[in-house]
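Remarks on the structure that follows.
Quick caveat, the model's predicted, so the values are computed rather than measured. We count residues from 1, following the sequence as given.
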Amino acid sequence: MILEETKKTLEALFFIKGDEGISIIFLSDFLEISKNESENILNIFSEQYNRNNDIFVIKKFGNVYKMLVKDNIFKVIKEKLENKKLAKLSKVSLETLAIIAYNQPISKIEIDKIRGVNSDSVINSLLDKELIYSNKVSDKIGKPKLYETTNLFLDIFGLESLDELPNIEEDNKLLEEFLNE
């Protein structure tokens, strides 16, 4: 039987160590116990964890234990991620995304005007990747859709909110000062 505090520590270590996993030697050093005790604790913890968890499984690879997503869930997630096509963004996509981020909500017509070219395919690509969305329409003639960035956009760029976007006006002033020296 493993103490509840040790279970919590082990689970936290599995998340912190990530893909690296937890080796018998690491746990032995971490808990200041023998390698045999370390292996016994990992075996007992793995057995209990695997029996009581529907999402994750702990598997042993040589002397390293790793926490993995169960195969059936992994397949579903992998399939969905591949369908999202979250690949690298082209310069055109980044440019359009920046225009939307700094001017949202913004219509396609306004995006096209800023870029100077048609943005249909880029906007559709960003919609497919769920980096932008359109829930609103403009009051202007034709009621064009208005585009905004999503929470996924914030996650990918490491932002908590749009307030953390770099200030374009300050950056432009610094560039002008630099060029005029």
Check: [Y] and [X] side chains under 4.5 Å, non-hydrogen atoms:
| X | Y | value |
| --- | --- | --- |
| Leu13 | Leu27 | yes |
| Phe45 | Glu11 | yes |
| Ile22 | Phe30 | no |
| Phe56 | Tyr49 | yes |
| Tyr102 | Leu162 | no |
| Leu42 | Leu10 | yes |
| Met67 | Lys17 | no |
| Asn103 | Ile114 | yes |

Would you say [X]'s side chain and [Y]'s backbone share a donor-acceptor pair under 3.5 angstrom?
| X | Y | value |
| --- | --- | --- |
| Glu39 | Asn36 | no |
| Lys136 | Glu148 | no |
| Thr96 | Val92 | yes |

Distance from [X] atom [atom1] to [Y] atom [atom2], nearest 0.5 Å?
| X | Y | atom1 | atom2 | result |
| --- | --- | --- | --- | --- |
| Leu127 | Lys145 | CG | NZ | 7.5 Å |
| Lys108 | Leu146 | NZ | CG | 13.5 Å |
| Thr149 | Leu97 | OG1 | CG | 7.5 Å |
| Asn151 | Leu131 | CG | CG | 11.5 Å |
| Ile109 | Lys140 | CD1 | NZ | 8.0 Å |
| Lys129 | Thr150 | NZ | OG1 | 12.5 Å |

Are [X] and [Y] grouped together when hydrophobic residues (ILVMFWY) are joined by side-chain heavy atoms under 4.5 angstrom apart?
| X | Y | answer |
| --- | --- | --- |
| Leu89 | Tyr133 | no |
| Val64 | Ile33 | no |
| Ile16 | Phe26 | no |
| Ile106 | Leu165 | yes |
| Leu31 | Ile58 | yes |

Arg51 bridged to Glu47 by N-O distance under 4.0 Å: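 Salt bridge present between Arg51 and Glu47.
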
Ion pair check, Glu110 and Arg115, cut-off under 4.0 Å: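 Looking at Arg115 together with Glu110, the answer is no, because their closest N to O distance does not fall below 4.0 Å.
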
Nearest non-hydrogen partners of [X] and [Y], listed with the distance:
| X | Y | answer |
| --- | --- | --- |
| Ile132 | Ile123 | CD1-O, 3.8 Å |
| Ser161 | Leu154 | C-CD2, 3.9 Å |
| Ser28 | Ser38 | N-OG, 3.4 Å |

What I want to check is whether the side chains of [X] and [Y] have a donor and an acceptor closer together than 3.5 Å.
| X | Y | value |
| --- | --- | --- |
| Ser93 | Ser90 | yes |
| Glu37 | Ser34 | yes |
| Ser23 | Asn63 | no |

Aromatic Tyr65 / basic Lys59 pairing, under 6.0 angstrom, 45° off normal: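 Judged by the rule (NZ or CZ under 6.0 Å from the ring centre, within 45° of its axis), Lys59 is not positioned above Tyr65.
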
Lys66 to Phe14, cation-pi by 6.0 Å centre distance and 45° axis angle: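 Cation-pi check for Lys66 and Phe14: fails.
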
If you count heavy atoms of other groups shown closer than 6.0 angstrom to [atom1] of [X], is the number above 12?
| X | atom1 | answer |
| --- | --- | --- |
| Ile73 | CD1 | yes |
| Glu160 | CD | no |
| Asn72 | CG | yes |

